[in-house]
Amino acid sequence: MTKKSNWIFTISILVILTLWGISIWWSWMPPIYNVKQRAIDTAKQLKQKMVPGYTTTTTLIDMTEWLIHKHGGFLSNDISPPGIFMDNMPSFEYGVLEQIRDLSLVMRLDFSRSQSQSNSNPDLQTAQTKLYISRKSWTLPSSEQQYSEAVTALKQYRAHLVSHDYPNAQFYPRADNLNEWLRVIEKSLGSMSQRLSASVGQERFNVDLASDTTAKQSTKTPAEEFTKTPWLQIDNVFYESRGASWAILHFLNAIEIDFADVLKKKKATASMKQIIRDLDYTQTQIWTPILLNGSGFGILANHSLVMANYISRANASIIDLRNLLKQG
């Protein structure tokens, strides 16, 4: 090997190690933070008062800003190394983004409206539209640009929320409104649980038309099916679920504050706290360098099944909570 070749080899190794180190830094999972304290600090800094909806809106803003301003920025649309080679953090981002989108839609359609015939808040309408741009967009307009504009619209809604000069900017913490968001979360967690469980493969009976003799579907499907997550997708599904759980956990903490009176009246405060506790376990530190995918009762652990367990428990508690909210 010539001297020139040695230099090229050495430089190549250094570049690879540098990119590898950067990718580890950018992949560091975010901690759980106190949404109540964050909302109080924000209100003090902006000289605003805490009103119903302030904590939920602030948490939604914080989640969106985290996507844009965290280490490495938004990675899902990167076209250069090391971002283009990373998949765990982009999957985590996608899980968070999906929950941001769901909450922004419920904020626009339910939380901010007194009844079905009420007008949508223009700031929430703008924010929700901006958040639905493809996460892969890197040209103009880029994902980051649109998400930043969504944050601006959400901050304007929050400012109007605390001002008497904008009576059309409202937040209604009612049981029916909360039930609408929980219905969305219930389906999201149910889907996550099924996808995580498919890491080991599972045979399922088709129950799509069960319990309804008049139910129909567009095309026929097999009576039984075998589903198994492709090996290369197992970590993506895991980190997407982890990201979604992280976002839902913080949103639930915010909702618990803004809907405190509703939960107390329905005697559902303990149920909400149990859901939060179950989701808190989904963020436990992973002590292995790679995700293990052992069989259900095999020698090796299966991280996906552990995650599915916590998510399923939270989902079952959400179903119970929704039933409590429906009661008079």
Side-chain angles (χ1 to χ4, degrees), residues 32-43 48-63 96 98-116 118 121 124 154 157-158 161-162 169-190 192-193 244-283 309-328:
I32 298 172
Y33 70 91
N34 189 323
V35 300
K36 181 179 181 179
Q37 190 60 51
R38 180 72 63 86
I40 291 173
D41 293 342
T42 301
Q48 297 173 339
K49 58 182 179 180
M50 299 284 289
V51 297
Y54 193 91
T55 305
T56 299
T57 306
T58 299
T59 305
L60 181 59
I61 291 170
D62 288 342
M63 291 284 111
V96 175
E98 283 288 275
Q99 300 311 313
I100 289 173
R101 288 171 171 173
D102 287 346
L103 180 56
S104 69
L105 180 59
V106 173
M107 290 270 288
R108 171 190 169 188
L109 296 181
D110 298 290
F111 289 176
S112 63
R113 302 172 67 186
S114 60
Q115 50 190 327
S116 61
S118 304
N121 181 276
L124 291 178
L154 288 170
Y157 166 73
R158 183 178 62 186
L161 202 61
V162 303
Q170 298 290 342
F171 185 96
Y172 299 96
R174 300 196 313 258
D176 59 330
N177 284 345
L178 178 54
N179 223 328
E180 285 300 315
W181 180 63
L182 291 175
R183 178 179 59 83
V184 176
I185 296 303
E186 177 189 327
K187 293 184 177 181
S188 180
L189 291 176
M192 280 186 246
S193 177
S245 301
W246 182 75
I248 293 172
L249 172 62
H250 289 86
F251 290 150
L252 284 170
N253 277 310
I255 290 292
E256 184 184 15
I257 296 169
D258 286 329
F259 287 80
D261 292 340
V262 173
L263 295 170
K264 182 178 180 180
K265 180 181 178 181
K266 298 290 185 176
K267 297 183 178 179
T269 303
S271 297
M272 176 65 81
K273 290 184 180 297
Q274 184 59 49
I275 298 169
I276 292 172
R277 177 170 294 179
D278 287 334
L279 287 178
D280 187 70
Y281 289 130
T282 66
Q283 304 305 307
N309 173 59
Y310 292 132
I311 289 177
S312 296
R313 284 165 52 183
N315 196 30
S317 297
I318 284 179
I319 294 173
D320 292 339
L321 176 57
R322 290 191 64 212
N323 289 332
L324 281 176
L325 293 173
K326 290 177 183 178
Q327 296 174 6

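Basis for what follows: all heavy atoms, side chains included, without hydrogens, waters or symmetry-related copies.
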Are [X] and [Y] packed together at the side-chain level, in the sense that at least one heavy-atom pair is separated by less than 4.5 angstrom?
X      : Y      : answer
Asp261 : Pro173 : no
Leu105 : Trp181 : no
Leu178 : Leu263 : yes
Ile255 : Leu182 : no

For the [atom1] atom of [X] and the [atom2] atom of [Y], what is their distance to the nearest 0.5 Å?
X      : Y      : atom1 : atom2 : result
Asp110 : Leu103 : CG    : CG    : 10.5 Å
Ser104 : Ile61  : OG    : CD1   : 12.0 Å
Thr57  : Leu154 : OG1   : CG    : 7.5 Å
Leu60  : Tyr157 : CG    : OH    : 10.0 Å
Thr55  : Ile257 : OG1   : CD1   : 4.5 Å

Under 3.5 Å donor-acceptor, [X] side chain and [Y] backbone:
X      : Y      : result
His250 : Tyr33  : yes
Asn121 : Gln170 : no
Ser112 : Arg108 : yes

With Ser271, which residues qualify under side chain to side chain contact (heavy atoms under 4.5 Å, CB included), at least two apart?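 If we apply the side chain to side chain contact (heavy atoms under 4.5 Å, CB included) test to Ser271, skipping adjacent residues, the hits are Leu321, Leu324.
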Applying side chain to side chain contact (heavy atoms under 4.5 Å, CB included), can you list everything that pairs with Val51, at least two apart in sequence or on another chain?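 Partners of Val51 by the side chain to side chain contact (heavy atoms under 4.5 Å, CB included) criterion, ordered by chain and then number, come out as Lys49, Tyr54, Leu161, Val162.
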Taking ring pair (Phe, Tyr, Trp, His ring centres under 6.0 Å) as the definition, give me every residue that meets it alongside Phe259, ordered by chain and number, with sequence neighbours left out.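 For Phe259 the ring pair (Phe, Tyr, Trp, His ring centres under 6.0 Å) partners, ignoring immediate neighbours, are Phe111, Phe171.
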For Gln327 and Asn323, test the side chains for any donor-to-acceptor distance below 3.5 angstrom and give the result as yes or no.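 No pair is found: no donor N or O on one side chain lies under 3.5 Å from an acceptor on the other.
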Ignoring hydrogens and geometry beyond distance, is a side-chain donor-acceptor pair present between Thr58 and Thr42 at under 3.5 Å?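 No - no donor-acceptor pair under 3.5 Å links their side chains.
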[X]: salt bridge (charged side-chain N to carboxylate O under 4.0 Å, His left out) partners, not counting sequence neighbours:
X      : value
Arg101 : Glu98
Asp280 : none
Lys273 : Glu256

Give every residue pair that meets the salt bridge (charged side-chain N to carboxylate O under 4.0 Å, His left out) criterion with at least one member in residues 172-183, sequence neighbours excluded.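 For residues 172-183, and leaving out neighbouring residues, the salt bridge (charged side-chain N to carboxylate O under 4.0 Å, His left out) pairs sorted by first residue read Arg174-Asp176, Glu180-Arg183.
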Residues two or more places apart in sequence or in another chain: which of them pass side-chain hydrogen bond (donor to acceptor under 3.5 Å, both in side chains) with [X]?
X      : result
Tyr310 : none
Asn253 : none
Asn34  : none
Thr282 : none

Quick one: side-chain hydrogen bond (donor to acceptor under 3.5 Å, both in side chains) pairs with a partner in residues 313-322, sequence neighbours left out?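 Applying side-chain hydrogen bond (donor to acceptor under 3.5 Å, both in side chains) to every pair that reaches into residues 313-322, excluding sequence neighbours, yields Asn179-Arg322, Glu186-Arg322, Asp278-Arg313.
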Start with the C-alpha gap between Met272 and Ile276, add the side-chain angles, then the distance that decides, and say whether side-chain contact (heavy atoms from CB on, under 4.5 Å) holds. CA-CA 6 Å; Met272 176 65 81; Ile276 292 172; 4.1 Å; yes
Taking all non-hydrogen atoms of both residues, which atom of Arg113 and which atom of Asn177 are closest, and how far apart?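 Taking Arg113 first and Asn177 second, the nearest heavy atoms are O-ND2, 4.3 Å.
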What are the two closest non-hydrogen atoms of Thr59 and Ala254, and how far apart are they?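 Minimum heavy-atom separation between Thr59 and Ala254: OG1-CB, 3.4 Å.
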Residues Trp246, Gln99; criterion side-chain contact (heavy atoms from CB on, under 4.5 Å); working and verdict: CA-CA 10 Å; Trp246 182 75; Gln99 300 311 313; over 6 Å; no
Before giving the answer on side-chain contact (heavy atoms from CB on, under 4.5 Å), spell out for Ile248 and Leu189 the whole-Å C-alpha distance, their side-chain angles and the decisive distance to 0.1 Å. CA-CA 10 Å; Ile248 293 172; Leu189 291 176; 3.9 Å; yes
After noting the C-alpha distance and the side-chain angles of Thr56 and Phe251, does the key distance pass the side-chain contact (heavy atoms from CB on, under 4.5 Å) rule? CA-CA 7 Å; Thr56 299; Phe251 290 150; 5.8 Å; no
